[in-house]
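These notes are about the structure you will find just below.
In what follows, every chain begins at residue 1, and chains take the letters A, B, ... in the order their sequences are listed.
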Number of protein chains: 2
Amino acid sequence: MSETEIFKVLADPTRRAILERLSAGEATATDLREGFAITQPAMSQHLAVLRGAGLVSERREGRFAHYRVDPDGFAPLHQWLGRYRAFWPDRIDNLKDLLREMDQ
Amino acid sequence: MSETEIFKVLADPTRRAILERLSAGEATATDLREGFAITQPAMSQHLAVLRGAGLVSERREGRFAHYRVDPDGFAPLHQWLGRYRAFWPDRIDNLKDLLREMDQ
DNA sequence: TCGACTCATAAGTCTGTGCTTATGTGTTAG
DNA sequence: CTAACACATAAGCACAGACTTATGAGTCGA
């Protein structure tokens, strides 16, 4: 997916909130509506957009649609941001350092 | 700056191209227009937006305005993305193996 | 089988945004 | 001083996107 699309998708606060909710685990479209002041079609449309961007994957089970975060979808964003990581002397500046952090 | 604003700002391909141009070093608004098929006001507006989001800083010198990347502006984005880095253990492990191979 | 249920799609509305042209403000060169 | 220059701002237009209500498609329980 293009960087433009991913940024557009994530520019919506509702969609980012959905992702945050899904980061706690899989959920159905109806489960997700809890806590959101939006209609069912709105939620369905948001999920379709997230799915189209590859940030979320769907698992159908009867009449239920289970959604979950698709980590691979974030790769382009991470890669893009990496180009500006060179500007952060204090922060991690390459993957090896990141991995050393994770080893601890 | 809010995450929503930063994502909105970066969702525009022209603005991301401006940032990429500025990552090579400081430039004036007129310098930046080179290679872009946009009018002077359009460039000015984009730069104002980037500045408003804290992604770019401005240095006035006479009638010239020099712009450059402001690394701190990317911090919220990096922080947000970091919340989803936890979903990459498998991918990172694979990369770890790859790096170990490369080290030998 | 029938009705409730889960989700998706269609169509219309409204707002936001990126573009344009026109103009304003300040600066420098001749 | 004046004209050219660099940039910002104003106003208007066109398109994209997020929402709504209405409806369709498929699934399950009684």
**Prompt:** If you look at every strand shown and take non-hydrogen atoms under 4.0 Å, does A/R51 touch a base, only sugar-phosphate, or nothing?
**Reply:** nothing

**Item:** Listed nucleotide nearest any side-chain atom of A/T39, set C/dA8, D/dT21, C/dT6
**Value:** D/dT21

**Prompt:** Between B/F7 (CZ) and D/dA18 (P), how many Å, whole number?
**Reply:** 14 Å

**B/F64 CZ - D/dA4 C1' separation (whole Å)** = 12 Å

**Prompt:** Taking N and O atoms by type only, does the side chain of A/Q40 place a donor or acceptor under 3.5 Å from a partner on the base of C/dA8?
**Reply:** yes

**Prompt:** Taking the six-membered ring for Trp, are A/F74 and B/W80 parallel (under 30°), tilted (30 to 60°) or perpendicular (over 60°)?
**Reply:** tilted

**Request:** May I have the distance from A/L47 (atom CG) to C/dT9 (atom P), rounded to whole angstrom?
**Result:** 12 Å

**Asked** Where each residue is assigned the nucleotide of DNA chain D containing its nearest heavy atom, which of B/A65 and A/K8 is assigned the position nearer the 5′ end?
**Response** B/A65

**Request:** Please figure out whether A/P41 or B/R60 has its closest DNA chain D nucleotide nearer the 5' end.
**Result:** B/R60

**Item:** Ion pair check, A/E58 and A/R68, cut-off under 4.0 Å
**Value:** no

**Request:** Indicate whether OP1 or OP2 belonging to C/dT6 is found under 4.0 Å from a side-chain N or O atom of A/Y67.
**Result:** no

**Item:** Atom-to-atom span, CZ of B/F36 to C1' of C/dC19 - whole angstrom
**Value:** 16 Å

**Request:** Remember a base hit wins even if backbone is also touched, and classify A/E58 as base, sugar-phosphate or nothing at under 4.0 Å, heavy atoms.
**Result:** sugar-phosphate

**Message:** Please pick, from D/dG26, C/dT9, D/dA8, the nucleotide with the shortest atom-to-atom distance to any side-chain atom of A/R63.
**Reply:** D/dG26

**Length of the line joining A/H66:NE2 and D/dT27:P, which is rounded to integer Å** = 14 Å

**Request:** Would you check if there is a donor-acceptor pair between the side chains of B/T4 and A/R16 at a distance under 3.5 Å?
**Result:** yes

**Item:** Nucleotide nearest B/Q45 when distance is taken to its side chain, options D/dA16, C/dT20, C/dT17
**Value:** C/dT20

**Complete:** The nucleotide from C/dG18, D/dT9, C/dA8 with an atom nearest the side chain of A/S44 is C/dA8

**Message:** For B/L55, run the side chain to side chain contact (heavy atoms under 4.5 Å, CB included) check against B/L10, B/V69, B/D70 and tell me which one passes.
**Reply:** B/L10

**Message:** Please classify the nucleic acid contact of A/R15 as base, sugar-phosphate, or nothing, using heavy-atom distances under 4.0 Å.
**Reply:** sugar-phosphate

**Asked** What is the distance, rounded to the nearest whole Å, between atom CD1 of A/I38 and atom P of D/dG17?
**Response** 18 Å

**Asked** Over how many whole Å does the gap from B/D12 atom CG to D/dC15 atom P extend?
**Response** 17 Å

**Request:** Output the single nucleotide from D/dT9, C/dC19, D/dG17 whose closest atom is nearest the side chain of B/H46.
**Result:** C/dC19

**Message:** Any salt bridge linking B/E3 with A/R15? Criterion: basic side-chain nitrogen under 4.0 Å from a carboxylate oxygen.
**Reply:** no

**Item:** Spacing between B/L50 atom CG and D/dA8 atom P, to the nearest angstrom
**Value:** 12 Å

